[in-house]
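Values reported hereafter were calculated over all heavy atoms of this structure, with side chains retained and with hydrogens, waters and symmetry mates removed.
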Amino acid sequence: MNILEQIQAGVVQAVQHLYGTQIEADSITLNTTRKEFEGDYTVVVFPYTKVARKKPEQIGEEIGHFLVEKLAHVTHFNVIKGFLNLTVSDTYWHQFLLDIYSDEQYGQQPSNSEKVMVEFSSPNTNKPLHLGHIRNILLGWSSAKILAAAGYEVVKVQIVNDRGIAICKSMLAWEKYGEGATPQSTQTKSDHFVGSFYVLFEQKFQEEYTKWQASSEGVAAFAKRKDEKQDQAAFFKAYKNTYFNAESALGKEAKAMLRNWEDGDPETVALWKKMNQWVYHGFDATYENLGVTFDKLYYESNTYLLGKDLIQTGLQSGQFYQKDDGSVWIDLEDVKLDHKLVLRSDGTSVYMTQDIGTAQLRYDDFKVDRMVYVVADEQDYHFKVLFEIMKRLGAPYANDMHHLSYGMVDLPTGKMKSREGTVVDADDLMAEVIQEAKTMAAERGNLAELSESERNKIHQQVGLAALKFFIIKVQPRKRMTFDPKESVDMQGQTGPYVQNAYVRIQSVLRKAGTMDLEPAVKYQTLETAEKDLIAMLFVFPEIIRVAAAELDPSNVANYCFDLAKAYHRFYHDYSILRAESDAAKSFRLALSTSVAHVLRFGMDLLGIEMPDQM
RNA sequence: GGCUCCGUAGCUCAACUGGAUAGAGCACUUGACUACGGAUCAAGAGGUUUAAGGUUCGAAUCCUUACGGAGUCACCA
């Protein structure tokens with residue numbers, strides 16, 4: 001039993017013994033003591049006033065005495081109002097550090113024999129990745145790492161949205177206006193090359209639409225609008241989709257291309273393959289730069305027809321119903337999710353159909369116990385419905401499907417809009433933060449001795465640390481504002497700040513040479529700063545557990561920052577290599593080593609590498 | 001309009017899930033290098049937690065109701 005469990009068990013005993021009432025260990029409010037009071041942990045005793053029929057102060061005194069007497073490692077206590085502050089013995093913390101300091105994987109929990117699949121990234125293949133994808137990828141990657149640290153076996157997948165009208169737009173534009181150009185011939189990163197044709201299509205389409213608005217058909221359409229109050233600009237904005245589907249020449253061509261693709265027309269399929277390959281090459285480079293990998297890729301072109309058999313099964317079992325036109329629906333009104341279409345009247349799939357089929361396919365492939373979908377919060381409703389449907393279909397994993405829903409990323413100037421060209425490109429962004437790291441490093445000149453490739457590696461590690469930490473420190477649920485200027489900051493609450501704590505430790509350890517731990521055993525009285533650091537190391541496994549349970553990597557990011565901050569302060573206030581005794585020196589080296597392990601392991605969970613120098 | 005999420009210092013974010021005087025960073029002011037790495041540390045200032053009620057010994061947190069912002073309510077994905 002660790003110290004927290006001991007205290008909890010002690011309080012249960014105390015309440016039983018003193019007041020004759022059985023309480024649950026989980027119900028005890030046990031916090032770390034606020035720094036303005038003396039003690040390590042605080043038990044809130046207000047809840048026991050009813051069973052004890054005494055004042056909170058008195059209850060605190062009674063339980064405090066009980067714990068000090070019964071628990072070897074609780075040395076003394078004080079009571080303020082209803083708060084019982086307990087002090088844990090130095091020997092407990094001392095021993096705890098000696099137990100963990102050599103464990104580089106401290107925090108890693110043993111296997112829980114459960115398998116979880118994490119789906120993230122899942123881009124469309126018509127244009128390059130942008131800032132929104134970066135948030136998605138970082139959340140997915142770090143959640144996967146955290147789940148693995150919490151004892152799960154993890155399978156990382158994505159569903160590549162490689163078909164549909166979007167890629168056809170890029171294909172059509174390339175065919176019409178590309179004149180045979182290739183990424184090689186234009187010296188362009190290949191996914192950007194394809195994206196440029198998507199933009200070109202939108203431009204051409206907009207030109208066509210603008211022209212049409214002034215034509216007699218356009219004027220007539222505006223005149224027939226339903227809402228009299230709607231002005232011209234608003235109307236044509238709202239009408240754009242209808243125009244694309246019903247009137248546009250370009251729209252007709254794009255849709256024809258999509259039909260050709262679905263019919264397996266060899267030329268169209270060949271073009272589709274060629275352009276997707278370009279995109280994949282580009283994506284691969286971006287993923288490699290970001291340091292993420294996947295265990296398996298699912299392609300929508302292979303899965304978009306799945307799910308129909310499950311719809312049939314559900315229809316037979318009465319979970320679904322069919323309308324006269326042949327379309328199939330599910331009634332989810334009892335859980336306030338309305339009626340939802342699962343199969344069109346012409347028998348073709350909708351998005352939901354595919355997701356039902358894909359979930360089953362994945363289960364068949366991997367036999368996972370849980371599934372996590374990292375998808376933006378605009379799809380909250382979709383996933384509620386999907387999970388409910390899987391439950392009703394009796395999927396064995398249905399109760400452990402989770403939507404890691406995250407808020408959109410805004411810029412200081414407002415929303416990102418691809419049509420208005422305000423999207424922050426992923427590759428550009430990474431290049432920018434790395435360049436900034438390079439500039440900062442050059443100013444400091446700490447890396448002058450290294451080779452250029454070694455320096456570049458460190459610039460990459462530092463720049464990406466700034467970017468990744470900046471994004472991951474925010475709770476996923478919350479919409480976040482991304483200020484490019486702040487994202488390259490390297491001081492204060494940032495990735496490089498945490499790296500710097502690690503780098504300082506490495507520097508000290510290098511200078512210390514081989515470590516002799518014998519004297520550390522004799523180090524008796526701990527400084528408060530030392531005890532605080534050990535207590536922080538102590539909670540690390542719990543941080544991982546909570547982050548995994550909540551699917552919230554920001555817990556780990558904020559923990560790493562807090563630990564780095566506590567260490568920077570300790571480092572400033574106490575001498576390590578010139579400590580007052582061999583015992584102190586040796587103990588502080590062990591403490592520093594352990595802090596370094598945890599910082600490295602913790603940051604690795606966020607996909608952030610730690611350099612030895614910076 | 002229905003439903004869901006969000007609203008905390010000038011700005012970006014925390015707050016151990018109902019606990020003590022709401023904490024960090026940035027920016028601003030000031031101080032600390034003959035020092036184990038100053039990408040650091042310390043100090044100052046900055047708050048009616050959008051507002052009003054309610055529950056509770058105790059509320060940023062839970063419940064109403066406003067207000068503000070976002071998302072969604074497609075035989076799109």
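Panel note: side chain A:E542, backbone A:V539; no donor-acceptor pair is recorded below 3.5 Å. For A:R600 (side chain) and A:E609 (main-chain N/O), no donor-acceptor pair under 3.5 Å exists by modelled atom type.
Remark: A:K240 is not in phosphate contact with B:C76, judged by side-chain N or O atoms under 4.0 Å from OP1 or OP2. The phosphate of B:C16 has neither OP1 nor OP2 within less than 4.0 Å of any side-chain N or O from A:R34. In terms of phosphate contacts, A:R504 brings no side-chain nitrogen or oxygen within less than 4.0 Å of OP1 or OP2 of B:C36. For the pair A:Y574 and B:C41, the criterion of a side-chain N or O lying under 4.0 Å from OP1 or OP2 is not met. OP1 or OP2 of B:G25 sits under 4.0 Å from a side-chain N or O of A:K565. Residue A:R569 places at least one side-chain N or O under 4.0 Å from the OP1 or OP2 atom of B:A42. For A:Q475 and B:A15, the shortest distance from a side-chain N or O to OP1 or OP2 is below 4.0 Å. One finds no side-chain N or O of A:K336 lying less than 4.0 angstrom from the OP1 or OP2 phosphate oxygen of B:G2. Close to B:G7, at under 4.0 Å from its OP1 or OP2, lies a side-chain N or O of A:K478. Regarding contacts with the backbone of B:G71, a side-chain N or O of A:K415 is found under 4.0 angstrom from either OP1 or OP2.
Counting distance only, with no hydrogens placed and no angle test, the side-chain atoms of A:S554 and the base atoms of B:A14 include no donor-acceptor pair under 3.5 Å. One cannot find a donor-acceptor pair under 3.5 Å joining the base of B:A14 and the side-chain atoms of A:N555.
Of the candidate nucleotides B:A74, B:A20, B:U40, B:A20 has the atom lying nearest to any side-chain atom of A:E36.
For A:H339 and A:Y321, the ring centers sit closer than 6.0 Å to each other.
A:E262 and A:Y304 share no donor-acceptor pair across their side chains, judged by distance under 3.5 Å alone.
Counting non-hydrogen atoms under 4.0 angstrom, A:Q499 reaches nothing in the nucleic acid. Within the 4.0 angstrom heavy-atom criterion, no nucleotide atom of any strand lies near A:D552. Within 4.0 Å (heavy atoms only), A:V462 reaches at least one base atom of the nucleic acid.
With sequence neighbours excluded, the residues satisfying side chain to side chain donor-acceptor pair (under 3.5 Å) with A:Y351 are A:Q379.
Ring-to-base geometry does not place A:F46 in a stacked arrangement with B:G58 (centre distance under 5.5 Å, plane angle under 30° required).
Pairing analysis of RNA chain B (Watson-Crick: purine N1 to pyrimidine N3 plus N6-O4 or O6-N4; G-U wobble: N1-O2 and O6-N3; both under 3.5 Å) yields stems of 3 or more pairs at B:1-7 with B:67-73, B:10-13 with B:23-26, B:28-32 with B:40-44, B:50-54 with B:62-66.
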